[in-house]
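In this chain, numbering begins with 1 at the start of the sequence shown. Order of listing sets the numbers, starting from 1, for every ligand and every atom in it.
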Amino acid sequence: KSGFLVRKVHADPDGKRTPRGKRGWKSFYAMLKGLVLYLQKDEYRAERELTEDDVKNAVSIHHSLAMRAADYSKRPNVFYLRTADWRVFLFQAPNAEQMQSWITRINVV
Ligand code: I3P
């Protein structure tokens, strides 16, 4: 599965609140491959090799949980991703259908 997602980092490993200045929304082209969610900052290019940033931004979804961010009302179609090391991301999908599709695909693996 792949598509555009806008990401906000809410908590760093061990659930520590991500500090000010690092909490902004950023747009990515996301690709779910196996147990890894790759987030590419630049325009999507299938042939491209992974950059250092791609590796840094990749998220392991092994033992993670995705759920609709019912308590977040500033933007529509937002879901939480809580990872096994207790990081928390918010991701905004382009529409409700895409949001549900990402949640389902992340939780099924
Ligand atoms: C953050 C940025 C986010 C905002 C966040 C700010 O600033 O403005 O958009 O979240 O508020 O800290 P920075 O880019 O300097 O990190 P919202 O869009 O959800 O308001 P927060 O600290 O209350 O999460």
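Note on ligand 1: Lys8 sits in its first shell, one or more heavy atoms being nearer than 4.0 Å. Look at Arg17 and you'll find a heavy atom under 4.0 Å from some atom of ligand 1.
Polar contact check, Arg75 against ligand 1: no nitrogen or oxygen pair lies under 3.5 Å apart. Ligand 1 has no nitrogen or oxygen under 3.5 angstrom from a nitrogen or oxygen of Arg20. Residue Gly21 has at least one nitrogen or oxygen atom sitting less than 3.5 Å from a nitrogen or oxygen atom of ligand 1, judged on distance alone.
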When you look at Leu39 and Tyr29, which way does the side chain to side chain contact (heavy atoms under 4.5 Å, CB included) test go after all the steps?
CA-CA 6 Å; Leu39 299 167; Tyr29 190 83; over 6 Å; no

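Atom 3 (C) of ligand 1 has Arg23 O, 3.5 Å as its closest protein atom, hydrogens excluded (heavy atom only). When only non-hydrogen protein atoms are considered, atom 20 (O) of ligand 1 lies nearest to Lys74 NZ, 2.6 Å. For atom 9 (O) of ligand 1, the nearest protein heavy atom (residue, atom name, distance) is Trp25 CD1, 3.5 Å.
Between Lys26 and Val9, the closest side-chain pair of non-hydrogen atoms is not below 4.5 Å.
Remark: Arg7 is not positioned above the aromatic ring of Trp25, lacking an NZ or CZ atom under 6.0 angstrom from the ring centre and at most 45 degrees off the axis.
Linking Ile, Leu, Val, Met, Phe, Trp and Tyr whenever their side-chain heavy atoms come within less than 4.5 Å puts Phe91 and Ile61 in one cluster. There is no path of hydrophobic side-chain contacts, each under 4.5 Å, that joins Leu81 to Val6.
No side-chain donor-acceptor contact under 3.5 Å links Lys74 and Gln92.
The main-chain N or O of Pro13 is never found under 3.5 Å from a side-chain atom of Asp85 such that the two would form a donor-acceptor pair.
Atoms of ligand 1 found under 4.0 Å from any heavy atom of Tyr72 (numbered from 1 in listed order, with element): 17 (P), 18 (O), 19 (O).
Within the 4.0 angstrom cut-off, atom 18 (O) of ligand 1 has one or more protein heavy-atom neighbours.
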